[in-house]
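Report on one structure; see the data block that follows.
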Protein chains: 2
Amino acid sequence: MGKPPHTSYHSDPRVDALVDETIGRVADKWTLLVLEALEEAGEQRFSAIGRAVPGISQKMLTQTLRQMEREGLVTRTVHAEVPPRVEYRLTDLGHDLAEAFCGVWHWAERNIEKIEAARAAFDARK
Amino acid sequence: MGKPPHTSYHSDPRVDALVDETIGRVADKWTLLVLEALEEAGEQRFSAIGRAVPGISQKMLTQTLRQMEREGLVTRTVHAEVPPRVEYRLTDLGHDLAEAFCGVWHWAERNIEKIEAARAAFDARK
DNA sequence: CTGAATCCTACCTGATACTG
DNA sequence: CAGTATCAGGTAGGATTCAG
């Protein structure tokens, strides 16, 4: 493959593959959106996250949170109450990732007009 | 929804939705990997990108490049030759996005061990 | 070489029902 | 409330084949 020198400090292809794999698991729409919701509001319960991420199905929310928990991005705390209350919170690792993604959010905000224009031009050409 | 204050400078929900939509289109595995390949090697032809992104199918490469072209992230140059040569290059917009994603790459590199450990712990617990 | 077209599978999504 | 289970419909993605 040949991973970029400026992002790899060691040229171990095994590590490169792991980075790719990690990116693949972390760079999906729902993870990004959930990450952002938790970064903003801090510890939150299941349904609150669902409300903060419009369009996500309950199934995908569960699945995304499980995966994030598995990757060490969030902690899951079950309070032994009735009705049950489950709270999710970003770990330090998750918080760091959220910060890393901030740049992407800002890029998107800054460039909405350019993107819309590019799309319009592309669609008109076709 | 209530998009984070620290990422939104205007609280226009229409803009927030657009940002979400844009993130959704741009934050997928293949776009990220292709972006990185182009950022590293500069202008490149179709097959070279394919080689630089191991695991991508030709279909996904074509599709990803089309979408990136539509979003204004890359330019596509067809050289009238036999055999045909098509070269892709990042636009300024694409380059900016690549830089924004650098933080995520570095995060992944820095934290491979933590992620692997978290996963092992999670799987052992289950 | 580039990439469109096809087939086929796996997964996402939404809806609904059920548990602790 | 916070899930799990299931089913139907759609879509994304891989493999293969063919064309300019």
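Letters go in sequence order (proteins before strands), and every chain restarts at 1. Predicted model only: the values in this text are computed from it and were never measured.
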Could you tell me whether the phosphate oxygens of [N], OP1 or OP2, come under 4.0 Å of any side-chain nitrogen or oxygen in [X]?
| X | N | answer |
| --- | --- | --- |
| A/R85 | D/dA2 | no |
| B/R45 | C/dT2 | yes |
| B/T62 | C/dT2 | no |
| B/R66 | C/dT2 | no |
| A/Y88 | D/dC1 | no |

Donor-acceptor pair between A/R66 and A/T62 side chains, under 3.5 angstrom: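 No donor-acceptor contact under 3.5 Å links the two side chains.
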Protein-nucleotide distance (B/I49, atom CD1; C/dT2, atom P), rounded to Å: 9 Å
Spacing between B/L65 atom CG and C/dA4 atom P, to the nearest angstrom: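 In whole Å, C/dA4 P lies 11 Å from B/L65 CG.
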Nucleotide-resolved protein contact map, nucleotides 6-20 of chain D, B/S/- at heavy-atom distance under 4.0 Å: -------BBB----B
Residues from residues 70-81 of chain A lying under 4.0 Å of DNA chain C - heavy atoms: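 Those residues whose heavy atoms fall under 4.0 Å from DNA chain C, taken from residues 70-81 of chain A, amount to none.
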Side chain A/T64, main chain A/T31, donor-acceptor under 3.5 Å: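 No, the answer is negative, given that no donor and acceptor are paired below the 3.5 Å cut-off.
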Qualifying salt bridge (Lys or Arg N to Asp or Glu O under 4.0 Å) pairs, either residue in residues 92-107 of chain B, two or more places apart: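 Qualifying pairs: none.
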